[in-house]
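Following: one structure in structure tokens, then a few remarks.
Order of listing sets the numbers, starting from 1, for every ligand and every atom in it.
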Amino acid sequence: MAAPGSSPAFDGMYSQLIDDDAAEEDVRRRPGVGHVQPVSPVGLTSRPYRLATICLAALCAILLISIIAVSAHYKNKPQGSSEVAPEIQKMTQDGNVSSLAATIKKLQEEKNQLQKENAKLLARLAATKAPEVVKTSPPVVCPKDWHFFNNSCYLISRGSRDWQESQSYCRSKGAHLAIIHTAEEQTFLWDLLPRGHWNSFWFGITDAQTEDQWKWVDGTPLVGGFWEVGEPNNHINEDCGYIVKTNVLERVAIRSWYDAPCSMDLPYICEKEMGASTAVPQ
Ligand SMILES: [Ca+2]
Ligand SMILES: [Ca+2]
């Protein structure tokens, strides 16, 4: 019988449950069975649980559908997040690149600094090493009675000759009449000369080729010179130069040149050029 106010579907399900109960009761009272079978606790409570089972199955289906829907949703979501990921990755990569570049720059600076320090240390090490033996030319040894000055050896003759013979003698010794370019050289020779009444010494200058155009014995023209005041004056056809060193102390080296006739016999000064080497004092 239908419950008052119930729906036909519910009435049908309810009638089925009643019929099932009746059938079960009928089986338990059937004479062939012999005695009433004890009803298991499950059997006594199975009907309400059937309904609960159905409801639970429905809930499971709903839950399953929900899970599927949620899974599908999250399955699609990474696609959206994948649009953001490259930017994040790019930002991360940019940050890494910048950090790496800064590290490389710092290392490069440290390398440069170390190289500078290395160069300084090498320089200090080289300075502390024993100086290497410098290969030099054999020292200059001037011949006996010759005097060394600035890579040349000079001879103050004891005998006298005219200017041309004096030059010839010097050349026979591998030398020439002295060519005097500097005040230091002039002073050096001056100091070698003995004082006397009118001590005079030929040196290597002449204007015999062209008057008043003085040239050295090597053909180079004279520039300047250490002439006495008023000299050269070509007083009596004077074409050769000589140095005078008298007893008058006021006379000085840088004003001691005169011109005189080349035929006069005078002592002379030879110069032998020895090259750039170290002299050995005699
Ligand atoms: Ca002259
Ligand atoms: Ca003169």
Under 3.0 Å from the Ca ion (ligand 2), the protein N, O or S atoms found are E231 OE1, N233 OD1, E238 OE1, D259 O, D259 OD1

Exercise. Does one side chain, of Q186 or W257, offer a donor that lies under 3.5 Å from an acceptor on the other?
Worked result: yes

Sorted by chain and number, sequence neighbours left out, side-chain hydrogen bond (donor to acceptor under 3.5 Å, both in side chains) with T103 holds for none

Per side-chain contact (heavy atoms from CB on, under 4.5 Å), D259 is matched among E238, E228, H235 by E238

Answer key: the N, O or S atom of D239 nearest to the Ca ion (ligand 1) is OD1

**Message:** Y268 vs Q167, test: side chain to side chain contact (heavy atoms under 4.5 Å, CB included). Steps then yes/no.
**Reply:** CA-CA 9 Å; Y268 45 91; Q167 169 68 353; over 6 Å; no

Return yes when atom CG of L63 has more than 12 non-hydrogen atoms of other residues, nucleotides or ligands closer than 6.0 Å, and no otherwise.
yes

Exercise. State whether the number of non-hydrogen atoms from other residues, nucleotides or ligands found under 6.0 Å of E117 atom CD is greater than 12.
Key: yes

For this session: May I ask you to check whether E185 and N150 show a side-chain donor-acceptor distance below 3.5 Å?
Result: no

- Message: Distance check below 3.0 Å: does D212 bring an N, O or S atom to the Ca ion (ligand 1)?
- Response: no

